[in-house]
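Take a look at the structure set out below.
None of these values were measured; they are calculated from a predicted model.
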Amino acid sequence: MSDTGDTLRQAALNYHEFPKPGKLEVRATKPLANGRDLARAYSPGVAEACLEIQSDPANASRYTSRGNLVAVVTNGTAVLGLGNIGALASKPVMEGKAVLFKKFADIDCFDLELDESDPVKLAEIVCALGPTFGAINLEDIKAPDCFIVEKICRERMDIPVFHDDQHGTAIVVGAAATNALHVAKKRWEDIKVVSTGGGAAGIACLNMLVKLGVRRSNIWLCDINGLVYEGRAEDMNPQKAEFAQKTDLRTLDDVIGGADLFLGLSGPGALTVDQVRRMAARPIIFALANPTPEIMPDLAREAVPDAIIATGRSDFPNQVNNVLCFPFIFRGALDVGATQINDAMQIACVDGIAALARATTSAEAAAAYQGEPMNFGADYLIPKPFDPRLSGIVSTAVARAAMESGVATRPIENLDIYKAKLDASVFKSALLMRPVFEASKKDARRIVFAEGEDERVLRAAQAVLEETSEQPILIGRPSVIEARCERLGLNIRPGRDFRLVNPEDDPRYRDYWGSYHEIMKRRGVTPDLAKAVMRTNTTAIGAVMVHRGEADSMLCGTFGEYRWHLRYVKRVLADADHHPHGALSMMILEDGPLFIGDTHVRVFPTPEDLAETAIGAARHVRRFGIEPKVAFCSQSNFGNQGEDSGKRLRAAIALLDAKPRDFCYEGEMNIDAALDEELRARLLPDNRMEGAANVLIFSNVDAASGVRNILKMKGGGLEVGPILMGMGNRAHIVSPSITPRGLLNMAAIAGTPVAHYG
């Protein structure tokens, strides 16, 4: 159903109801297609796994999903801003929490809504669930019951128990406060903190600030009954009492003067404009009540223009959102088999989140939050939830802290490899690209980007400098590139971090047009035309730079038509040893990579062209650590049709057969035969290929390009490429849909000397 024209309420209800009720389903991870599968999945084979676990309980993480399974547990007594709505009514929230676990950290999750209001009995139920889960996330349980439940569960269970309302909020507040102090140039030990809200989240946040360095004597806690002070009897508990001050002051208004940090976890209107004015210079205001904060940001900023403000809302800067924390702290804890989530792990989470906000904004996060300011400062204290680097950075920091603090039962031997695997789960190309990146680090090759003013190119250049040893060169106007780097929050600058070629005014202009004219003078290009091309055609400029030896490789194609760019690459760089003979695209699919060629270069290739494309494709596939298995694809299966495409493919195979080859190839055949070993064996029992092909070569560009685009748009495939074969790695032409990550991948490919091709 469409949400168009619906109210927000109806749209949300539609979202939960259609196309099937709820937000979760269970899917099997192993095949169950025949009797053999059934015998292994259940009786009698399942007994073997049971016996292994009985002999060693740690084997549960090897043979079951327990090591990646979290329970989200609630009794519905303190749900979001809804209060005590009961266990059943809380289920949509808990399902949502489970979805976030899966989306952000690939953690499987069951939501458990327990109809039990007695905290001791609730804790006993949770403890009894220990054999099922690798960790427990307590959620939306009212204070002080939540303290009781968590304490009992932590004492009795040997898996992490984490009350996200308390500790998740505290961690994100800690990260935001860390960076707010950095911006305000203040120190933990010097600041005065005034807080409203004596509930679970408020107390946990204050405890976190103490761990980070705030003096307990500098913390002033207020609740609905006023200041928490020594001797107060009304609405007190041991957790509040830890922050009781010995004083005659009694209200928020009495203590707000000179406060450096206001921490609000209470309700609307708790903080007034006058009180903001009485705070210390450059005040930090965390008004986190939802949906209406303790003071609206525009009112606070009107009162003190340089105030640093965070809220719990997504429509203002600096949203304090627990999703920055809980998926990744659980990811790290589960992966090392932590028995608890301790202070060291929580501090590591704080530090990781805070450090990420101070780093350059990722291109993926920028794309998800277009138009929002994402440069570190007063309006960008913490990263956005869709920043893909959170998983690798925060989870790794948590895992390291768990090991160093002695609570990890399955320590990770190499945390760098662990982080790379986490990154690969977010960046689908990361794992396959690792051999290429490793090779590119061995040589500091100079890569010229023809469209240097493009935002994607600028972000890719930043990443190239961070992740490789390559030297980017950008073609573009200095003022435009400088301004865009500033606007995008990139810390690279022309002249300091990378070389620049200004097509409007470059001292090498005469040399460039002279070189271009020398190449093209007998192909109808006059000196005046050469001058005009070198002023306006950045692809030609990049090609000339490679021709002159001022760059080792060029990347172009972020806009415009592929063959237009190819024309200038061929004119300038093609010679007796280099000529484009195909474009190869690696499509990263759920079950692995599939290479497609030729997607762009030769419209109707000859048998010689097709053989050359196969040889080049095999060489390039090995760059990714993959052994090539090349299938020539047609509507014909092993000679059963006599049309042109089948004839040309059969002739190409004959050319390959004429000499010994170091790769497997077969054809011609349909795509299904190429990918299905059993079908192929029925068609030609003695065919020379085992398993599924991983390289598909087509008889024309239309077929190859069509398959590539279908896999990309409908098959969930991520493209690396196209890789221009035959040019000695001196030029690559990308497609206009390429992302900054795709450009980084292509820069790594371009950054590998031709000697590394294998």
(request) Kindly state each residue pair satisfying ring-ring contact (aromatic ring centres under 6.0 Å, His included) with at least one member in residues 40-65, sequence neighbours excluded. (result) none

Within the distance-only criterion (no hydrogens, no angle test), does the side chain of [X] pair as donor or acceptor with the backbone N or O of [Y] below 3.5 angstrom?
{"X": "Asp676", "Y": "Leu679", "value": "yes"}
{"X": "Arg680", "Y": "Ala674", "value": "yes"}
{"X": "Glu666", "Y": "Arg688", "value": "yes"}
{"X": "Asp108", "Y": "Leu69", "value": "no"}
{"X": "Asn687", "Y": "Leu684", "value": "yes"}
{"X": "Arg40", "Y": "Gly35", "value": "no"}
{"X": "Asn670", "Y": "Ala673", "value": "no"}
{"X": "Asn637", "Y": "Leu683", "value": "no"}
{"X": "Arg66", "Y": "Phe133", "value": "yes"}
{"X": "Arg623", "Y": "Ile749", "value": "yes"}

[X] atom [atom1]: more than 12 heavy-atom contacts under 6.0 Å:
{"X": "Asp115", "atom1": "CG", "answer": "no"}
{"X": "Glu25", "atom1": "CD", "answer": "yes"}
{"X": "Glu155", "atom1": "CD", "answer": "yes"}
{"X": "Glu467", "atom1": "CD", "answer": "yes"}

SB check [X] [Y] (cutoff 4.0 Å):
{"X": "Asp111", "Y": "Lys97", "answer": "no"}
{"X": "Lys121", "Y": "Glu116", "answer": "no"}
{"X": "Lys142", "Y": "Asp165", "answer": "no"}

(request) Apply salt bridge (charged side-chain N to carboxylate O under 4.0 Å, His left out) to the pair Arg331 and Asp106, showing each step before the final yes or no. (result) CA-CA 8 Å; Arg331 179 76 277 158; Asp106 196 25; 5.4 Å; no

Is there a donor in the side chain of [X] and an acceptor in the side chain of [Y], or the other way round, less than 3.5 Å apart?
{"X": "His16", "Y": "Glu95", "value": "no"}
{"X": "Asp158", "Y": "Thr339", "value": "no"}
{"X": "Asn137", "Y": "Asp164", "value": "no"}
{"X": "Gln340", "Y": "Asn342", "value": "no"}
{"X": "Lys712", "Y": "Ser585", "value": "no"}

(message) Please evaluate residues Phe328 and Phe330 with respect to the criterion ring pair (Phe, Tyr, Trp, His ring centres under 6.0 Å), reporting the C-alpha separation (whole Å), side-chain torsions for both, the decisive distance (0.1 Å), and the verdict.
(response) CA-CA 5 Å; Phe328 314 113; Phe330 274 97; over 10 Å; no

(request) Determine, stepwise, if the pair Phe595 / Phe624 fulfils ring pair (Phe, Tyr, Trp, His ring centres under 6.0 Å). (result) CA-CA 11 Å; Phe595 294 82; Phe624 299 93; 5.7 Å; yes

(message) ring pair (Phe, Tyr, Trp, His ring centres under 6.0 Å), that's the test. Do Phe104 and Phe326 meet it? Break it down for me.
(response) CA-CA 10 Å; Phe104 288 103; Phe326 71 81; 8.0 Å; no

